[in-house]
Participant: 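Here you go, one structure.
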Amino acid sequence: MTLVLRLGNQEFSDWKRFEASRSVSDATAQFSLEVTESASVPPAFVARKLRSGAEIEMVLDGIVAITGKVDDVSRSFDKEDHRVSLRGRGAMRDAIDASVILPDGGQLRNRTLDQVLAAVLDPFGLALEFVGDPGPPFPSVVPQLGETAWEMIERLSRMRGFWVHETATGVVRADRGVRPGIAGALIEGENILIGSSTDRSQARHSEIVVKAQRPGGDRVAGIETSEIEARVPDVNVGAYRPLVIVAEEPLDRAGARFRADWEATVRAAESLEAEIVVVGWTRPDGALWDAGDLLDVVSPTLALDRDMAVRDVRWSLDDNGGHLTTLSLVPPEALDATKPAPAPQPAAAAEEKTTHRRGRAVPGVASEGFDVDPIWTETKPTELAK
C-alpha cells in the first residue's frame, strides 16, 4: 500500500504517520501527515516548494483521494529526531474561511438551489456537480451579515434536503448523500476488525413543528404569509418532546412540510450509528472506501443486519505501518430523507430474511436472539400541515 502527496510534478512518499477524512455532511476533506527520522530528513521535505497554500493531490494506492491545499507546514528537530508535518484541507477550504460577496447588491432573485450554489462558488473557481431536482426557486436570497460562503451554502441546501461536499478531484457535489447501489459488504468474522454501535434517543422528538413566513403579494396575504406551519410526528417517541424550528428562509406550506419531514426523518435515522474499522484503504473491488458508499452490514454483536451508508470515512497510517479505514455508518435515510423509511414486515417475512442473511457466514457468532429494529416501527410519518 502506498501513500503519495503529489505537488505539481514532485511526489513525497516516505510518510510515517497519516490521517485523512472525508464526510458527506462536512464541506471539505482534511488531512495530516508526518515524517520523523533519526537522521536528517530528506532534502525534498525541507524544500520551500512544500509550503502552506500549496495545491496538492493525496494519492492512496494509486487512487486520488483528496485534491486540496496545505494549511500549514511544521519543521522541527532535537538531538534525536528531525520532523516535518503538515495539515491541509480539500478544495472547499477557501469557501469555508472566506466571506460570501455577491454581485448586483448581494441579492439573488428567483434562483433555484443549483443556480445559487453556482453563483456562490464561482468566485472561488470551484465547479459544481448537482445531482437531483433542486426544487422551486428561492424568491430572494441575501447573504447574512458576516456569513461565509460555506455557511450560506449549508443554510440553503438544508432547506431543500441536499448535502454539499467534495469529490476526490475537488469538484463540489450537491446530492442526497448516498450513491445508488451496494458498494460492498461488512461482515462480522470476515472483514470487520473493530466495531461499535450506538442507539440513542436524545435527538428524537415526539413532534417536529416548522414555522415560517413568506413575502405577501396581490394573490397571497394575511395568515397565508405570516402563519405558515407544518407538523410531523414521530410516533416512536414515547414522551412529550416537541421541537419548534423557525425556518431559515421564507417558505410556503409545501416547503415547510418538506423541511419538517426532512428534520424528523434525519433525526430518527441518526439515532442509530455504528463505527467499523477495516484493514486497508480499498474495497475488494479496488475502489477506495469512501463517504456516500452504501454497504451491506451484518454484525450480530452490533445488532446490525441492514444496509448502512458511510457518512464519514477516515484513512490512516500509523508508526507500525498499519493501514486502516474507519467508517462511520448511519441508516441511508439519515442522509437521504426522501428515501422511504423501512416499513414493518410480517414476522414470517422478517424471520425468513434474517435467517437467509445469517446463513451467509458470521463464523463463531451465535445467531440466536439476533434481531434488528427498523428506524420506524410504523411507516414514515406523514406531514400534517395546518
Side-chain angles (χ1 to χ4, degrees), residues 21-25 61 63 131 163 175-199 265-266 268-315 323-377 380:
S21 62
R22 183 162 50 241
S23 174
V24 168
S25 56
D61 287 349
I63 305 169
V131 182
W163 301 98
D175 60 17
R176 298 296 187 185
V178 184
R179 287 185 289 275
I182 300 295
L186 296 170
I187 301 176
E188 185 173 343
E190 292 188 8
N191 62 346
I192 297 178
L193 179 65
I194 303 170
S196 63
S197 66
T198 304
D199 178 14
T265 302
V266 169
E270 286 184 336
S271 65
L272 173 63
E273 295 182 339
E275 185 171 277
I276 288 178
V277 180
V278 297
V279 176
W281 297 327
T282 56
R283 307 187 312 233
D285 64 1
L288 290 173
W289 297 101
D290 207 351
D293 283 350
L294 186 61
L295 304 176
D296 185 11
V297 182
V298 181
S299 172
T301 303
L302 303 184
L304 289 176
D305 184 10
R306 57 162 298 159
D307 295 343
M308 297 284 279
V310 181
R311 183 179 57 195
D312 313 304
V313 61
R314 184 170 74 251
W315 308 285
H323 299 70
L324 300 175
T325 299
T326 303
L327 305 165
S328 296
L329 305 168
V330 291
E333 53 268 33
L335 302 178
D336 185 357
T338 65
K339 287 184 176 295
Q345 294 180 310
E351 179 61 26
E352 180 181 354
K353 177 183 177 184
T354 54
T355 299
H356 170 72
R357 294 183 62 147
R358 292 173 197 162
R360 238 179 12 181
V362 185
V365 180
S367 62
E368 292 299 323
F370 176 32
D371 193 13
V372 180
D373 293 328
I375 294 302
W376 304 104
T377 57
K380 184 177 177 180

Participant: What's the shortest heavy-atom distance between Thr282 and Gly286, and which atoms?
Facilitator: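 Minimum heavy-atom separation between Thr282 and Gly286: CG2-O, 3.8 Å.
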
Participant: Side chains of residues 191-199: which donor-acceptor pairs under 3.5 Å do they make with residues two or more places apart or in other chains?
Facilitator:
from   : atom 1 : to     : atom 2 : distance (Å)
Asn191 : OD1    : Ile187 : N      : 2.9
Asn191 : ND2    : Ala185 : O      : 2.9
Ser197 : OG     : Leu302 : O      : 3.2

Participant: Side chains of Leu327 and Glu275, heavy atoms from C-beta outward: is any pair under 4.5 Å?
Facilitator: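 Leu327 does not reach Glu275 side chain to side chain.
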
Participant: Tell me, do Glu188 and Thr301 make a side-chain contact under 4.5 Å, heavy atoms counted?
Facilitator: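 They are in contact (side-chain heavy atoms under 4.5 Å apart), so the answer is yes.
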
Participant: Go through the steps to decide whether Arg283 and Asp293 satisfy the test salt bridge (charged side-chain N to carboxylate O under 4.0 Å, His left out), and finish with yes or no.
Facilitator: CA-CA 11 Å; Arg283 307 187 312 233; Asp293 283 350; 3.1 Å; yes

Participant: How long is the span from the CG atom in Asp296 to the CD1 atom in Ile182, to the nearest 0.5 Å?
Facilitator: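 Output value for this atom pair is 6.0 Å.
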
Participant: Suppose we screen for salt bridge (Lys or Arg N to Asp or Glu O under 4.0 Å). Which residues come up paired with Asp290, at least two apart in sequence or across chains?
Facilitator: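 Scan of Asp290 (salt bridge (Lys or Arg N to Asp or Glu O under 4.0 Å), adjacent residues dropped) gives Arg22.
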
Participant: Considering only heavy atoms from C-beta outward, does the side chain of Thr325 approach that of Val277 to under 4.5 Å?
Facilitator: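 A side-chain contact is absent here, since even the closest heavy-atom pair is not under 4.5 Å.
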
Participant: Is any side-chain heavy atom of Val310 less than 4.5 Å from a side-chain heavy atom of Leu329?
Facilitator: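 With C-beta onward as the side chain, the pair touches.
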
Participant: How long is the gap from CZ on Arg176 to CG on Asp336, to the nearest 0.5 Å?
Facilitator: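 Output value for this atom pair is 6.0 Å.
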
Participant: My understanding is that only residues two or more places apart in sequence, or in another chain, count here; which of them pass side-chain hydrogen bond (donor to acceptor under 3.5 Å, both in side chains) with Ser21?
Facilitator: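 None.
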
Participant: Nearest 0.5 angstrom please: Asp307 CG to Leu295 CG, how far?
Facilitator: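 The CG atom of Leu295 is 8.5 Å from CG of Asp307, to the nearest 0.5 Å.
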
Participant: Determine the minimum heavy-atom distance between Ala274 and Leu304, stating which atoms define it.
Facilitator: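 The pair with the smallest heavy-atom distance is CB-CD1, 3.7 Å.
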
Participant: Using 0.5 Å steps for rounding, measure from the CG atom of Leu294 to the CE atom of Met308.
Facilitator: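 If I round to the nearest 0.5 Å, the distance is 10.0 Å.
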
Participant: Just to verify, what does Asp61 make a side-chain hydrogen bond (donor to acceptor under 3.5 Å, both in side chains) with, not counting sequence neighbours?
Facilitator: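 Testing Asp61 for side-chain hydrogen bond (donor to acceptor under 3.5 Å, both in side chains), a comparison that skips the adjacent residues, returns none.
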
Participant: So, for Pro331 and Leu272, which heavy atoms are closest and what is the spacing to 0.1 Å?
Facilitator: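 In terms of heavy atoms, the two residues are closest at CD-O, 3.3 Å.
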
Participant: Going by the rule side chain to side chain contact (heavy atoms under 4.5 Å, CB included), which residues pair with Ser25 if we only count those two or more places apart in sequence or in a different chain?
Facilitator: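 Ser25: side chain to side chain contact (heavy atoms under 4.5 Å, CB included) contacts with Ser23, Trp163, Arg311, Asp312.
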
Participant: Got Ser328 and Glu273 here, is their nearest side-chain heavy-atom distance under 4.5 Å?
Facilitator: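 No, too far: nothing below the 4.5 Å cut-off.
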
Participant: Looking at Gly177 and Leu335, what are the two nearest heavy atoms and their distance?
Facilitator: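 Reported closest heavy-atom pair: O-CD1, 3.8 Å.
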
Participant: Please name the pair of heavy atoms, one in Trp289 and one in Trp315, separated by the smallest distance, quoted to 0.1 Å.
Facilitator: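 Taking Trp289 first and Trp315 second, the nearest heavy atoms are O-NE1, 3.1 Å.
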
Participant: Is there side-chain contact between Val298 and Leu186, with at least one heavy-atom pair below 4.5 Å?
Facilitator: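 Val298 does not reach Leu186 side chain to side chain.
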
